[in-house]
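Report on the structure given below.
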Amino acid sequence: MQTILLIEDEPQHAKLVKIRLEANGMQVISALTAKEGADAALLQEPDLILLDLLLPDMPPEEAIRALRAVPCAAKTPILAFTALDPLEIRRRRLDAEFSGVVTKPYEPGELLAKIKKILG
C-alpha cells in the first residue's frame with residue numbers, strides 16, 4: 001500500500017481528500033502545518049507528499065526545505081496542491097521542486113490521476 005503524506009491546513013478539505021485517497025487503496029497521513037508534516041515524514045517514509053503551498057506556519061520555500069531536511073523525504077516526490085497562481089509558482093522558482101501541480105479548485109479525478117502518474 002502506498003503512503004501519501006497530506007499537508008493541508010484546512011481540516012475539512014484534508015478529511016475529504018483523505019477519504020478519497022483511502023477509497024483508492026492509499027494510506028494517508030495528515031498534517032495541518034509544514035512542521036507537523038516534516039515530523040510525520042520522520043515517523044513513516046511517505047511515497048508521495050501532497051503539499052498545500054499556503055500554510056500558516058511557513059512560506060512554501062521554507063516548507064520545502066523543512067521536508068527535504070528529513071532524510072527519508074529528501075527525494076520523495078512532492079505534488080503541489082494549491083490555490084497559488086501557477087505564474088507565482090514559477091516566479092518563485094518553486095516548480096523545480098515538484099513532480100506536478102494541482103491547482104485548487106480541482107476535479108477529484110485530476111488529483112487522483114496525477115498521484116497515480118507520479119507513483120507509477
Side-chain angles (χ1 to χ4, degrees):
M1 182 180 291
Q2 294 171 315
T3 301
I4 309 293
L5 172 56
L6 170 61
I7 306 172
E8 165 62 63
D9 64 323
E10 296 178 30
Q12 292 294 80
H13 187 235
K15 184 177 180 179
L16 182 61
V17 172
K18 182 175 181 170
I19 289 167
R20 285 183 179 140
L21 296 180
E22 287 176 344
N24 281 278
M26 299 172 202
Q27 178 182 354
V28 180
I29 302 163
S30 296
L32 296 173
T33 66
K35 168 126 179 46
E36 285 179 17
D39 291 345
L42 278 170
L43 299 175
Q44 186 166 354
E45 184 175 343
D47 297 301
L48 174 74
I49 299 169
L50 189 53
L51 176 64
D52 181 1
L53 298 182
L54 300 175
L55 295 168
D57 64 331
M58 294 181 199
E61 298 85 353
E62 286 181 37
I64 292 165
R65 276 195 297 276
L67 289 164
R68 294 301 187 211
V70 177
C72 66
K75 302 265 187 220
T76 302
I78 296 175
L79 178 58
F81 187 54
T82 187
L84 196 61
D85 179 17
L87 293 174
E88 180 67 11
I89 291 171
R90 284 194 297 279
R91 186 187 71 75
R92 293 167 83 167
R93 294 185 171 87
L94 297 171
D95 52 334
E97 291 291 335
F98 306 131
S99 297
V101 176
V102 173
T103 305
K104 295 177 186 174
Y106 63 94
E107 292 293 325
E110 174 192 5
L111 175 62
L112 192 57
K114 288 201 177 185
I115 289 172
K116 287 181 176 182
K117 182 178 179 185
I118 293 168
L119 295 175

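Reckoned from all heavy atoms, side chains included, excluding hydrogens, waters and symmetry mates. Keep in mind it's a predicted model, so treat the numbers as computed, not measured.
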Given salt bridge (Lys or Arg N to Asp or Glu O under 4.0 Å), test E61 with R65 step by step and report yes or no. CA-CA 6 Å; E61 298 85 353; R65 276 195 297 276; over 6 Å; no
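Linking ILVMFWY side-chain heavy atoms closer than 4.5 Å, directly or via other members, places I64 and I89 in a single hydrophobic cluster. Transitive grouping of hydrophobic side chains (ILVMFWY, heavy atoms separated by less than 4.5 Å) brings V28 and V17 into a common cluster. L51 is connected to V101 through a chain of hydrophobic side-chain contacts under 4.5 Å among Ile, Leu, Val, Met, Phe, Trp and Tyr, so both are in one cluster. Under a hydrophobic-cluster definition in which Ile, Leu, Val, Met, Phe, Trp and Tyr are linked whenever side-chain heavy atoms come within less than 4.5 Å, directly or via other members, I7 and L119 are assigned to different clusters. In the hydrophobic clustering of this structure, Y106 groups with I115; members are Ile, Leu, Val, Met, Phe, Trp, Tyr whose side-chain heavy atoms approach within less than 4.5 Å, directly or through other members.
To the nearest 0.5 Å, atoms NZ (K18) and NE2 (H13) are separated by 14.5 Å. To the nearest 0.5 angstrom, I49 atom CD1 is 5.0 Å from T76 atom OG1. One finds the NZ atom of K114 at 8.0 Å from the CD1 atom of I118 (value rounded to the nearest 0.5 Å). We find the CD-CD distance between E22 and Q27 to be 8.0 Å, quoted to the nearest 0.5 Å. The CG atom of D9 sits 8.0 Å away from atom CG of L54, with the distance rounded to the nearest 0.5 Å.
Taking the side chain as every heavy atom from C-beta outward, D52 and K104 approach each other to under 4.5 Å. L112 has its side chain within reach of M26: a pair of non-hydrogen atoms, C-beta onward, lies under 4.5 Å apart. A 4.5 Å side-chain heavy-atom check between R68 and I78 finds at least one atom pair inside the cut-off. Between F98 and T82 the shortest side-chain heavy-atom distance does not fall below 4.5 Å. Inter-residue side-chain proximity for L79 and I4 is flagged as unmet; no heavy-atom pair is nearer than 4.5 Å. The closest side-chain heavy-atom distance from L50 to L111 is below 4.5 Å. By the 4.5 Å heavy-atom criterion applied to side chains, I29 and L43 are not counted as neighbours.
Between P77 and S99, the shortest heavy-atom distance links the atoms CB-OG, 3.3 Å. A pairwise comparison of heavy atoms in A38 and V70 identifies O-CG2, 3.6 Å as the closest pair. M1 and G25 make their closest contact through CG-O, 3.3 Å (heavy atoms, listed as atom of the first residue, atom of the second, distance). Taking both residues in full, the closest heavy atoms of G37 and L5 are given as O-CD2, 3.4 Å, listed atom of the first, atom of the second, then distance. Scanning all heavy atoms of the two residues, the minimum distance from N24 to R20 falls at ND2-O, 2.9 Å. Among all heavy-atom pairs drawn from P59 and R92, the shortest one is CB-NH2, 4.3 Å.
With E8 contributing its side chain and E10 its backbone, the two residues share a donor-acceptor pair below 3.5 Å. Checking side-chain atoms of E36 against main-chain N and O of L32 turns up a donor-acceptor pair under 3.5 Å.
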